[in-house]
Amino acid sequence: MPFPEPLPMSSKPLSRLLLTGAAGGLGQVLRKSLQSFAKVIRLSDILPLDAAAAHEECVPCDLADKAAVDALVQGVDAIVHMGGVSVERPFEEILEANIKGVFHIYEAARRHGVKRVVFASSNHVIGFHKQGERIDAHCARRPDGYYGLSKSYGEDLSRFYWDRYGIETVCLRIGSSFPEPKDARMLVTWLSYDDLTELIRCALFAPKVGHTIAYGMSDNRDTWWDNAAAAHLGFVPRSSSEPYRAQAESQPRPAAGDPAAVYQGGGFVTRGPFETLPPP
Ligand code: NAI
Ligand code: 15L
């Protein structure tokens with residue numbers, strides 16, 4: 001299904017929406033698909049961005065720079081926080097972009113009175129649950145690396161900013177959001193770009209979200225996740241991984257018993273260790 005046509009300007013509910021990670025894979029998609037929701041979209045990334053259209057502002061920013069993030073957030077109504085390291089990497093990299101980065105976003109939101117954030121969490125918060133195990137958003141978290149730990153921190157941090165300062169957040173534990181599912185695991189974890197946009201729309205505009213954690217997945221045949229929280233937001237996924245089954249199942253699979261085939265986090269569960277010191 002194609003992206004919905006942008007609504008007429010008068011019906012755009014937000015004045016200014018901040019999208020971090022705008023140069024990334026999902027950011028480039030959301031740059032277009034979220035334009036219906038705000039008169040102005042402020043786009044930010046540490047990487048260069050394409051020239052801004054009339055309804056866009058491009059503000060380069062390193063999320064690890066507290067003062068720069070504070071200036072970035074000033075004047076926005078809501079934040080869709082997609083920026084950061086998006087794969088397993090050494091802790092020191094994750095610390096700067098993801099852990100300090102998400103703290104800077106929430107501090108700036110507090111200082112500038114932003115009332116709602118959509119935070120791109122990840123299935124790697126629960127990556128050490130076994131494939132086939134059915135879990136919901138309240139299950140024990142079992143992060144599968146420093147990356148998953150940073151997203152777990154973001155979920156806790158956003159909870160704190162709701163309890164302490166009343167800033168609402170929807171944490172989206174995104175499965176695998178790519179143009180199509182690439183392998184057998186992604187048949188279960190896939191989230192189409194159209195469904196991602198719809199989920200973010202629900203997260204931005206559902207009347208009361210408090211602090212909500214929802215999974216980001218399409219209406220796939222098989223699922224490991226009870227997504228009642230997303231339904232509560234009004235999210236109804238429309239895509240399914242089923243049309244891609246034959247192609248995805250033809251890709252090489254990890255051997256039975258390989259942790260990548262055992263755990264929900266797939267190959268992430270075996271990344272590292274990362275040696276950042278000389279051998280002992
Ligand atoms: P991506 O890696 O393509 O995009 C992330 C963007 O963040 C990049 O453009 C990068 O330059 C930017 N970034 C990294 N460090 C930064 C820093 N210090 N300051 C400012 N910007 C910085 O990742 P993708 O796939 O677009 O994912 C977007 C978000 O969604 C990420 O937070 C990722 O963890 C999360 N997510 C994505 C999933 C997916 O399947 N695509 C699944 C689960 C979560
Ligand atoms: C993620 O969190 C990553 O950002 C993305 O690149 C994919 O690897 C995805 O999870 C996944 O688990 O498929």
Side-chain angles (χ1 to χ4, degrees), residues 18-31 33-34 43-50 58-66 68-69 72-73 79-89 92-105 117-129 131 143-155 171-193 195-197 199-200 203 213-218 220 224-225 241 248 251 260 263-271:
L18 170 61
L19 173 64
T20 68
L26 299 186
Q28 291 179 56
V29 171
L30 296 171
R31 178 177 182 165
S33 65
L34 299 186
L43 305 162
S44 186
D45 205 288
I46 199 170
L47 295 177
L49 290 156
D50 292 342
C58 292
V59 183
C61 177
D62 181 350
L63 290 163
D65 181 337
K66 189 175 188 182
V69 174
L72 176 68
V73 167
I79 301 172
V80 175
H81 182 44
M82 308 300 288
V85 174
S86 64
V87 291
E88 182 63 344
R89 296 292 300 157
E92 291 78 1
E93 288 179 36
I94 302 274
L95 174 65
E96 294 301 318
N98 293 19
I99 294 182
K100 289 186 188 174
V102 72
F103 166 63
H104 295 160
I105 287 285
V117 179
V118 179
F119 169 57
S121 185
S122 169
N123 71 89
H124 296 287
V125 163
I126 49 82
F128 265 118
H129 284 277
Q131 295 188 11
D144 57 26
Y146 304 120
Y147 167 68
L149 282 161
S150 76
K151 296 296 186 181
S152 185
Y153 173 77
E155 291 188 2
C171 298
L172 301 178
R173 285 185 186 162
I174 301 169
S176 306
S177 195
F178 298 98
E180 36 188 80
K182 299 176 192 170
D183 56 28
R185 171 180 166 273
M186 288 194 192
L187 290 171
V188 181
T189 58
W190 189 57
L191 174 68
S192 73
Y193 289 163
D195 283 342
L196 171 69
T197 298
L199 183 53
I200 292 176
I213 298 172
Y215 289 93
M217 61 181 182
S218 285
N220 304 323
W224 304 321
W225 306 325
S241 60
Q251 301 305 309
Y263 296 104
Q264 295 191 7
F268 276 58
V269 305
T270 57
R271 305 272 155 82

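Start at 1 with the first residue, then count along the sequence. None of the values given here were measured: they were computed from a predicted structure. Atoms within each ligand, like the ligands themselves, are counted from 1 in listed order.
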### Query
Atom CG in Asp144, atom NE2 in His129: separation rounded to 0.5 Å?
10.5 Å

### Top protein contact for atom 2 (O) of ligand 1, by heavy-atom distance
Ser86 OG, 2.7 Å

### Task
Run the numbers for me: atoms of ligand 2, each under 4.0 Å from some heavy atom of Ser122, listed by number.
1 (C), 2 (O)

### For atom 13 (O) of ligand 2, closest protein heavy-atom neighbour
Ser176 OG, 2.6 Å

### Task
Compute the minimum heavy-atom distance from Cys61 to ligand 1 and say whether it is under 4.0 Å.
yes

### Message
Just to confirm my output: which protein heavy-atom neighbour is closest to atom 10 (O) of ligand 2, and how far is it?
### Response
His124 NE2, 3.1 Å

## Note on the structure
When distances are taken from atom 22 (C) of ligand 1, the protein heavy atom at minimum range is Ile46 CG2, 3.6 Å

### Message
Checking contacts here: is it the side chain or the backbone of His81 that comes within 4.0 Å of ligand 1, counting heavy atoms only? Could be both or neither.
### Response
neither

### Message
Quick test: of every protein heavy atom, which one is nearest to atom 25 (O) of ligand 1, and how far off is it to 0.1 Å?
### Response
Leu26 CG, 3.9 Å

### Query
Hey, does Met186 sit under 4.0 Å from ligand 2 if you only count heavy atoms?
yes

#### Entry: Identity and distance of the protein heavy atom lying nearest atom 31 (C) of ligand 1
Met82 O, 3.1 Å

### Query
So, does Thr189 sit close enough to ligand 2 that a heavy atom of it is under 4.0 Å from the ligand?
no

#### Entry: Pick from Ser176, Ser44, Ala120: the one approaching atom 30 (O) of ligand 1 most closely through a non-hydrogen atom
Ala120

### Message
Which residue and atom name correspond to the protein heavy atom nearest atom 10 (C) of ligand 1, and how close is it?
### Response
Asp45 OD1, 3.4 Å

### Nearest protein heavy atom with distance in Å, relative to atom 5 (C) of ligand 2
Phe178 CZ, 3.9 Å

### Task
Decide whether Trp225 and Gln264 meet the rule of one side-chain donor and one side-chain acceptor closer than 3.5 Å.
yes

### Query
Can you tell me which residue and heavy atom of the protein come closest to atom 13 (N) of ligand 1, and the distance to 0.1 Å?
Gly84 N, 3.5 Å

### Task
Just jot down the ligand 2 atoms closer than 4.0 angstrom to any heavy atom of Phe268, in number order.
8 (O)

### Message
Measuring only between side-chain heavy atoms, which start at C-beta, is Asp62 closer than 4.5 Å to Ile46?
### Response
yes

#### Entry: Taking atom 18 (N) of ligand 1 as the reference point, the nearest protein heavy atom with its distance
Asp62 OD1, 2.9 Å

### Query
What part of Ala22 sits under 4.0 Å from ligand 1 if we count only heavy atoms: the side chain, the backbone, both or neither?
neither

### Query
Just wondering, are more than 12 heavy atoms of other shown residues or ligands nearer than 6.0 Å to OH in Tyr146?
no

### Query
Taking the non-hydrogen atoms of Gly175, is any one of them nearer than 4.0 angstrom to ligand 2?
yes

## Note on the structure
protein heavy-atom neighbour closest to atom 36 (N) of ligand 1 works out as Tyr147 OH, 3.8 Å

